[in-house]
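Heads up, the thing below is written out as structure tokens.
Index from 1, following the sequence.
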Amino acid sequence: MNTVEIRQRLKEYVDQLSPERLLAATDFLAYLADRKDNDATAE
């Protein structure tokens, strides 16, 4: 699965989420993005 397909699938899931779950997903994605930055810095 390529990046475009992954983003499309994510959008489909996001469109189905309630506001509360959308907020949780946002927090989780922010965590992953921050963690990636920290992992790169640790190297």
Side-chain angles (χ1 to χ4, degrees):
M1 183 177 297
N2 64 37
T3 303
V4 172
E5 292 169 330
I6 295 168
R7 289 177 187 270
Q8 183 177 4
R9 183 176 279 186
L10 281 170
K11 183 180 178 335
E12 291 170 6
Y13 289 138
V14 164
D15 289 344
Q16 298 174 27
L17 294 176
S18 68
E20 294 82 13
R21 290 189 178 210
L22 191 56
L23 184 57
T26 301
D27 289 343
F28 179 67
L29 289 171
Y31 164 77
L32 290 178
D34 185 51
R35 183 175 167 104
K36 179 182 176 190
D37 291 343
N38 288 340
D39 288 346
T41 306
E43 292 178 11

**Message:** Which residues pass the salt bridge (charged side-chain N to carboxylate O under 4.0 Å, His left out) test with D27, not counting sequence neighbours?
**Reply:** none
**Request:** Measure across L22 and V14 and return the closest heavy-atom pair with its distance rounded to 0.1 Å.
**Result:** CD1-CG1, 3.6 Å
**Message:** So, using side chain to side chain donor-acceptor pair (under 3.5 Å) as the criterion, who are the partners of Y31 when residues are at least two apart?
**Reply:** R35
**Message:** Taking salt bridge (charged side-chain N to carboxylate O under 4.0 Å, His left out) as the cut-off, I'd like each qualifying pair that reaches into residues 11-22, sequence neighbours left out, listed once.
**Reply:** K11-D15
Tabulate below the donor-acceptor pairs under 3.5 Å that side-chain atoms of residues 2-9 make, not counting sequence neighbours, or state none.
unit_1, atom_1, unit_2, atom_2, d
N2, OD1, V4, N, 3.0
N2, OD1, E5, N, 2.8
E5, OE1, N2, N, 3.0

